[in-house]
Each structure stands twice: as structure tokens, then as C-alpha cells.
Amino acid sequence: MRNPYDVLGVSRSASEAEIKKAFRKLAKTYHPDSNKNDPKSKDKFAEVNAAYEILGDAEKRAQFDRGEIDAEGKPRFQGFEGFGGGRGAGAQGFEGFGGGSPFGRRGARGFSGGDTSDFFSELFGEAFRSAGAEGMRQQQSRARPQKGEDVSATLTVTLEEVAAEAKKRIRLPTGRDLDVVIPKGVSDGQVIRLRGQGQGAPGVNPGDALLTIKIAPHERFIMEGANLRSRLPIQIEEAILGGTVRIPTLTGAVSMNIPPMTDSGRTFRLRGKGLPMKGGEHGDLLVTVEIKLPEIVDEELMDYARKRRSAKAER
């Protein structure tokens with residue numbers, strides 16, 4: 001260990017107040033809570049504390065100045081007179097042996113009645129208290145029972161089952177069958193954690209089951225978040241004249257009005273006919289119409305088309 005005067009950056013004639021001020025400054029600079037990304041700060045912080053352990057104690061400082069103890073507070077042997085029954089220089093030096101704490105047996109005196117925890121609580125405030133709380137949490141965490149392994153499974157569902165918030169049965173890798181209610185707002189590929197449904201053992205808490213939701217492709221609907229898209233073929237007369245058509249949804253067909261002269265590709269929004277969302281609301285169904293020509297040739301329609309073509313050509 002270096003000379004404590006050099007560590008604190010003070011002269012041998014420094015006053016008690018100057019030593020205390022230097023220690024405060026360095027302790028704050030090198031405190032581990034302020035230097036989490038600097039592994040060397042912990043050693044520097046310990047060195048500063050050890051130096052103040054010597055110089056912050058008037059008796060130990062005097063012993064160090066007389067050469068009776070070294071920079072670590074250990075006695076320097078000066079013959080054998082210190083081994084007698086009295087309290088000579090050697091006997092006094094053995095007071096420096098302590099429990100290994102950088103603060104020694106007495107602690108860094110001069111702050112809050114000698115309690116260094118009060119000093120650092122004052123110096124670093126909430127950061128120091130949080131560090132203590134974190135240590136307590138880690139100690140409690142080590143005392144908790146061990147947890148078993150998590151298991152993974154995939155649950156395939158249909159859009160109808162998602163819309164109905166259906167209950168599905170699945171067999172987990174543990175061999176256990178489990179009924180799972182499809183949650184609102186679920187998306188394809190979403191992972192649901194079922195706590196306590198994983199592997200367990202005597203004296204070990206069960207792990208969790210990680211359930212991946214796979215939504216099967218649908219022949220009619222395309223999923224876009226909570227909204228659904230579909231295409232609806234309509235007859236040419238419905239597109240020209242308008243009318244009422246039946247629209248399939250996940251919960252049954254509903255009626256929709258087609259206005260006259262509706263172009264192919266026009267999209268209509270049926271509000272609330274999509275998938276359930278977490279807040280209790282539902283997405284929408286977006287229906288795009290497609291004009292479907294007759295499968296059998298309609299001569300009247302053909303004549304109408306020819307007349308329109310001729311009329312355009314004569315313009």
C-alpha cells in the first residue's frame with residue numbers, strides 16, 4: 001500500500017479538516033456506484049478508505065508518523081520490548097489488526113458519530129441506499145427455491161377460434177394436457193407464458209410453458225392486426241344498379257349496400273367485424289368488391305358492349 005499521505009494527496013502537516021476534505025472528494029470520485037463501468041475504481045476506493053483509516057484517526061496517524069505502524073496499519077517491530085505485559089509501542093501497534101474491512105474495527109471516524117454507512121448515505125444519497133436494497137434482494141433471491149426448466153409448445157388456431165376467444169386443449173412436452181383460452185388481441189407468432197406449467201422435480205418449483213400461437217391461413221380472410229380483409233365478387237348488374245349483398249364474416253353473414261356504379265376494386269369497411277382486441281373493442285372487416293362477368297355468354301350484354309364501343313369510335 002502506498003503512503004496514506006500520497007493516497008489522499010495531502011502533506012504531513014495537513015490539518016484534520018484538510019484530510020477529511022480530501023477523503024470526501026476522493027471517496028465520491030472513486031465510489032463504485034459512480035463508476036460502474038470502471039472495474040479499477042473499486043480498488044482505488046478501497047485504497048482511499050484504508051488511507052483515511054490511518055490519517056483520520058489521530059492516534060493511528062501519530063503511530064504512523066512515529067514509524068510504529070506501516071501504511072496498512074500493521075505494527076513495525078522495533079525489538080522485543082513490545083511483547084511485554086504493558087502497553088508499549090509494539091502492543092499499541094497490534095490494535096491495527098481487524099476484521100479485514102477497509103474501514104477497520106473503528107470505521108472512518110468523524111462522520112455521523114463514527115458510522116460510515118451514515119456518511120456514505122449522506123454522500124451518495126439514494127444510490128447508496130439502492131445498493132443496499134439490491135444486495136438484500138440478491139440475498140433473498142438466493143434463498144428462494146430453485147426453478148425447473150421451461151418447456152415450449154406450439155398451438156395452431158383458426159381465425160374463427162380467435163374471434164370466439166375459444167378454449168383449446170394442448171398436450172405439453174411434460175405429457176400434461178392443458179385447456180388454454182385464446183386471449184384477446186393475440187397475433188401470429190406471439191409467445192404466451194403459462195407460469196408453473198413447465199418441468200418440475202421434488203423440492204424444485206415447476207418452470208413455465210412457453211406457448212407459441214400459430215394462426216392458420218384462412219381461405220377467405222387475410223389478417224392485418226385486428227382488421228380482416230376479404231374480396232367479394234358481385235354481378236355486373238349489381239355494380240351498375242347497386243343493391244344489397246350478403247357479406248360473410250367470422251361470426252356469420254351480414255347485409256351490405258352496394259351503391260350504383262360501383263367500380264371493381266372499391267373497398268368497403270364493416271366496423272367491428274374484425275378480431276377482438278385487448279381493450280374489448282373489435283377490428284374492422286375491409287371488403288373489396290370484384291365485378292364478376294357471367295360464365296355463360298349473354299348476347300344482350302354483348303350487344304350493349306358493341307354499341308358502346310361503336311359510339312366511342314365515332315366520337
Could you tell me which non-hydrogen atom of [X] sits nearest to which non-hydrogen atom of [Y], and how far apart they are?
{"X": "Phe45", "Y": "Tyr30", "value": "CB-O, 3.4 Å"}
{"X": "Lys168", "Y": "Ile182", "value": "CG-CD1, 4.0 Å"}
{"X": "Ile192", "Y": "Pro183", "value": "CD1-CG, 3.6 Å"}
{"X": "Arg195", "Y": "Asp208", "value": "CA-OD1, 3.2 Å"}

To the nearest 0.5 Å, how far apart are [atom1] in [X] and [atom2] in [Y]?
{"X": "Leu232", "Y": "Arg220", "atom1": "CG", "atom2": "CZ", "value": "8.5 Å"}
{"X": "Lys21", "Y": "Leu8", "atom1": "NZ", "atom2": "CG", "value": "14.0 Å"}
{"X": "Leu250", "Y": "His282", "atom1": "CG", "atom2": "NE2", "value": "9.5 Å"}
{"X": "Leu275", "Y": "Phe221", "atom1": "CG", "atom2": "CZ", "value": "9.5 Å"}
{"X": "Ile234", "Y": "Thr262", "atom1": "CD1", "atom2": "OG1", "value": "6.0 Å"}
{"X": "Leu270", "Y": "Ser230", "atom1": "CG", "atom2": "OG", "value": "8.0 Å"}

field: Worked check of side-chain contact (heavy atoms from CB on, under 4.5 Å) between Ile213 and Asp188
entry: CA-CA 6 Å; Ile213 302 296; Asp188 187 47; 5.9 Å; no
message: Checking Arg246 against Ser255 for the side chain to side chain donor-acceptor pair (under 3.5 Å) test, could you report, in this order, the C-alpha distance in whole Å, the side-chain angles of both residues, the deciding distance, and whether it holds?
response: CA-CA 5 Å; Arg246 296 288 289 173; Ser255 297; 2.9 Å; yes
Answer yes or no: is there a side-chain heavy-atom contact under 4.5 Å between [X] and [Y]?
{"X": "Ile54", "Y": "Glu72", "value": "no"}
{"X": "Arg193", "Y": "Leu210", "value": "yes"}
{"X": "Val157", "Y": "Lys214", "value": "no"}
{"X": "Gln197", "Y": "Leu178", "value": "yes"}
{"X": "Val180", "Y": "Leu194", "value": "yes"}
{"X": "Arg176", "Y": "Arg171", "value": "no"}
{"X": "Ser13", "Y": "Tyr5", "value": "no"}

- request: Could you check Tyr304 against Arg309 for side chain to side chain donor-acceptor pair (under 3.5 Å), going step by step and ending with a plain yes or no?
  value: CA-CA 9 Å; Tyr304 171 76; Arg309 178 183 291 177; over 6 Å; no
- prompt: Quick one: do Glu295 and Lys292 make a salt bridge, cutoff under 4.0 Å?
  reply: yes
task: Please determine if Arg12 and Asp65 form a salt bridge, counting it only when a charged side-chain N lies under 4.0 Å from a carboxylate O.
output: yes
task: Show your working on salt bridge (Lys or Arg N to Asp or Glu O under 4.0 Å) between Asp284 and Arg271 and close with a plain yes or no.
output: CA-CA 5 Å; Asp284 302 331; Arg271 298 192 179 278; 3.7 Å; yes
query: Are Thr154 and Thr212 close enough that a side-chain donor and a side-chain acceptor fall under 3.5 Å?
result: no
Please check: side-chain N/O of [X] versus main-chain N/O of [Y], any donor-acceptor pairing under 3.5 Å?
{"X": "Asn35", "Y": "Asp38", "answer": "no"}
{"X": "Ser310", "Y": "Arg306", "answer": "yes"}
{"X": "Asn227", "Y": "Leu285", "answer": "no"}
{"X": "Asp263", "Y": "Arg266", "answer": "no"}

message: Tell me whether the rings of Phe23 and Tyr52 are parallel (<30°), tilted (30 to 60°) or perpendicular (>60°).
response: parallel
